[in-house]
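Hydrogens, waters and symmetry mates are skipped; everything else that's a heavy atom, side chains included, is used. Just so it is clear, the structure is predicted and the values come from calculations on it, not from any experiment. Each chain gets a letter, A, B and so on, in the order its sequence line appears, and its residues count up from 1.
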Protein chains: 2
Amino acid sequence: MQKEDRILLSHGSGGKISHDLISQIFVKHFSNVHLEAQTDSAILKTSEGEIAFTTDSYVVDPIFFTGGNIGKLAVCGTVNDLAVSGAQAQFLSCGFIIEEGFLLEDLEKIVASMAAEAQKAGVKIVTGDTKVVNRGKCDKVFINTAGIGFLPKSRHHISFADTIMPGDKIIVNGSIGDHGIAILAAREALSFRTDIVSDCAPLNGLIEQVLQEPSAIRFMRDATRGGLATVLCELASEKNLGIDIDEARIPVKEIVKGACEVFGFDPLYLANEGKVVMVVDGNMADDILTEMRKHPLGKEAVIIGEIVAGHPKKVLLETAIGGRRILDMLAGEMLPRIC
Amino acid sequence: MQKEDRILLSHGSGGKISHDLISQIFVKHFSNVHLEAQTDSAILKTSEGEIAFTTDSYVVDPIFFTGGNIGKLAVCGTVNDLAVSGAQAQFLSCGFIIEEGFLLEDLEKIVASMAAEAQKAGVKIVTGDTKVVNRGKCDKVFINTAGIGFLPKSRHHISFADTIMPGDKIIVNGSIGDHGIAILAAREALSFRTDIVSDCAPLNGLIEQVLQEPSAIRFMRDATRGGLATVLCELASEKNLGIDIDEARIPVKEIVKGACEVFGFDPLYLANEGKVVMVVDGNMADDILTEMRKHPLGKEAVIIGEIVAGHPKKVLLETAIGGRRILDMLAGEMLPRIC
C-alpha cells in the first residue's frame, strides 16, 4: 500500500497537506456553502443577524507547559477563532476524551484553568461530554471545544476578506513563535523551558477594542498551526492578492530565534496561540495600532507589511539582510501536536 | 495513590460515576445556569427565541459495526440530543482526531456516511477540524460533533421536564439494546454479528411528527449510554417523581435477550442510538402513539409505563413474572466505548 493511502502526521499540520485533505475529503462530502467558504468560523444566518460557529480539538503534548495547559488552549483557541471572524464569543461546548488512569487532580487543574480563561474571555461553557477510553487508547486527555458567537452585520465582511485592497496594511499584535518553542521546550525538557512562555491568551478583548470602526478591519486570522507564514500564504492564494512583508519588522524574541537556530525551525512557521494577523485600511493603520497598543495583548503590535497590486497569490518577504524571497505554505509537519 | 484519584472507565459510562464526575468537577468549575440545568442541550436565549447547543465525542470500538460506523453515530447522536430538547437541528461541527497511519479509504467511508446521515436529518456540517496524533497515541479515530438547533418557544418546557405530572405516560419508539449488542457482537466477532443491527438513526423526523401539539410532550430523552433504565432513574431522581414501568411491555428482540443471557447483561442498561423515551400527556398518549407509528422509526412504539404520585425518586419495575423491583442507575461500566 502506498504511503498516500494513509493518514500522515502532516495531515494535521495546518499546512498544505491538511488543506488538500480538507478539500478532497471533508468539503467534497459535506458540500455546503458554509463549509466551502473555509472561514475560521462558519457564518450562519438566523432570523436575527448572524452567528459564527467553530470547533477545534486539542491534542497538545505535553498537556502542561509554561504559560498554559491543554484546557486553557482549548478555551482560548475557540474564542480566538470566533473573535477573528468578528463575532462576539458567547458560548462554548467542551468534549473530553480521557485515558483510563488519568489523575483526577490533573483533570481538575485543567478544568479550573478552562473556567478561569472562560471568565477572562467573557464566555460561558454551557454544555459538555466526557468519554473515557482504556489505558493506552489515547494519550492522557484530548479536548474539543466548539463555540458560538454573535456576529453584528457591520462585521460580516471580515471572515470573507472581500474588502481587502492594495494599500491595506498588515498588523501583528506581538512576537511570533512563542507557543511553538514553549511546547518544544516542555517536550524536550530543555534547559530554557521556563524562560519561554506560551502566548496562549483569549484575543477577543483586544479585537473588540479595534472593532469600533469595523469597515477599517478588512480581515483577521489567528496565526496558530502553520504560523504567520501560513496565514499570509493562504490569504494571498485564496484572495488572489500580492503581499509584501518586511522581515525586520516581525517581532521574534531572542530566545525563540536561538531555539530556531539550534533546531532548524523558521519562526514564521511556528504556532502561536495569542497572535492575530490583521489586514486593515492603510489610512487607518496608525490609529488602529495606537488603539491596539493600549491593550495588554497589543502593546507590541506592529505593521509588518502591506497588500500590493503586483505578484498576485505570492507573499514576498524582504529579508533582514536586504534580499527577497517567496514565502511558501508549510509543506510537511514541523512540530506535531502543538495544539 | 487511591483508586479514586484516577479516572476509571466507569467515569465514562453515563451512569452514576459519570454523574458524580460531572457535578464534582465540571459543573463546579464552569458554574453557570445553562450547565447546571444538565439538559441534553444547553438552551440559550438570543434576541430571537432560543437556540439549543450540544456536543458529544465518539470513541466507539470498533469503528465499523453492523448498522453503522463512528461517523454515522457522531451525526445521529448530536442530532438526537438536539431533537429530544425539542430543537430543530440545523448545523453541526465536526472535529476529527486521527491516528497516524489510518487508512484514507476508511476515513472517506466515515465522512461519506456522515454526509449521508446529515442529509437524511436535514442538517448541515458547517465547520470542522482535523488533528493527527502519532501512531499508538489514539485508537484509529475519534470524532466530536457539536450541534445547534433552533428551539420554538412552545417547546421550551421539554428540556426542563417541568410540566410532567402523575398520569403522564411513558413511550419508547421500539426495541431496546440493539446498539449495545451490535457493538458487542462486532467486538467479539460473535457468530450472530451480522444478525443484530445497531438502531443508530437520526430521530428528528420522528420527533417533529409528534411535536405538532408541543404541550402534550412533557419530556424526551434518547436512551444512549446507560440505556433506558438510566433515563428513567435520572428523570425520577431529578424531578422527584415516581415512575411505574411494566417490563413485559418493553420491546426487546429475541437475539438481544439471548445475548444478554449469555453475557450477563440487562437490556434495560444497554445503549441505544435510535431510541427516544417520551413522557406525554396521559390523555393524548394513544393519539401520539398512532402518530409515531406512521413513521418508519416509530412503527414499534409502545407505552411502557407512567408517572405516578407515589414513591417519588423511585422507578418501580413490574417484572414479567409479576414481581416488583426498584430500578437503579447504572453503577459501573457495562461496555466501555459503546459510542
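Under 4.0 Å is where a charged nitrogen must lie from a carboxylate oxygen, and between B:E234 and B:R221 at least one such pair does.
You'll find the ring centres of A:F26 and B:F96 inside the 6.0 Å limit.
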message = Walk me through whether B:T54 and A:T127 qualify under side-chain contact (heavy atoms from CB on, under 4.5 Å).
response = CA-CA 6 Å; B:T54 190; A:T127 185; 4.1 Å; yes
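Side-chain contact between B:D5 and A:L104 is absent, with no heavy atoms from C-beta onward closer than 4.5 Å. In this structure, A:L44 and A:E50 have side chains that are not in contact, with every pair of non-hydrogen atoms separated by 4.5 Å or more. In this structure, A:I22 and A:V27 have side chains that are in contact, with non-hydrogen atoms separated by less than 4.5 Å.
Highest contact tally toward chain B, considering only A:N134, A:D139, A:I125, is held by A:I125 [criterion: heavy-atom pairs under 4.5 Å]. Interface summary for chain A: among B:V133, B:L9, B:L21, the most heavy-atom pairs under 4.5 angstrom belong to B:L9. Looking only at heavy-atom pairs under 4.5 Å with chain B, the residue among A:Q119, A:H34, A:K137 that has the most is A:K137. Chain B forms the most heavy-atom pairs under 4.5 Å with one residue out of A:R337, A:E36, A:R135, and that residue is A:R337. Most heavy-atom pairs under 4.5 Å with chain A: of the set B:G128, B:G101, B:G136, B:S10, this distinction falls to B:G101. Put simply, of A:S41, A:A42, A:C339, A:S93, the one with the most heavy-atom pairs under 4.5 Å next to chain B is A:S93.
For a residue to count as touching a neighbouring chain, one of its non-hydrogen atoms must lie under 4.5 Å from one of that chain's; by this rule A:I97 touches chain B with the side chain only. Interface remark: B:T130 contributes backbone and side-chain atoms alike to the contact with chain A (heavy atom separation under 4.5 Å). Interface residue B:K28: only side-chain heavy atoms are found under 4.5 Å from chain A. No part of A:I43 comes within reach of chain B, as not one of its non-hydrogen atoms sits under 4.5 angstrom from that chain.
Taking 4.5 Å as the heavy-atom cut-off, the residues of residues 106-116 of chain B that approach chain A are B:L107, B:E108, B:V111, B:A112, B:M114, B:A115, ordered by number.
Judged purely by atom type and a 3.5 angstrom limit, B:N272 uses its side chain to pair as donor or acceptor with the backbone of B:L270. Between the side chain of A:H29 and the backbone N or O of A:Q24, no donor-acceptor pair lies under 3.5 Å.
Applying the salt bridge (Lys or Arg N to Asp or Glu O under 4.0 Å) test to pairs two or more places apart or on separate chains, none has a residue in residues 89-102 of chain B. Under the salt bridge (Lys or Arg N to Asp or Glu O under 4.0 Å) criterion, no residue pair touches residues 73-82 of chain B, with sequence neighbours excluded.
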Would you mind writing out the side-chain donor-acceptor pairs for residues 144-152 of chain A within the sub-3.5 Å range, not counting sequence neighbours?
{"residue": "A:N144", "atom": "OD1", "partner": "A:T55", "partner atom": "OG1", "Å": "3.3"}
{"residue": "A:N144", "atom": "ND2", "partner": "A:T55", "partner atom": "OG1", "Å": "3.1"}
{"residue": "A:N144", "atom": "ND2", "partner": "A:D56", "partner atom": "O", "Å": "3.4"}
{"residue": "A:N144", "atom": "ND2", "partner": "A:S57", "partner atom": "OG", "Å": "3.0"}
{"residue": "A:T145", "atom": "OG1", "partner": "A:A74", "partner atom": "O", "Å": "2.7"}
{"residue": "A:T145", "atom": "OG1", "partner": "A:T78", "partner atom": "OG1", "Å": "2.6"}

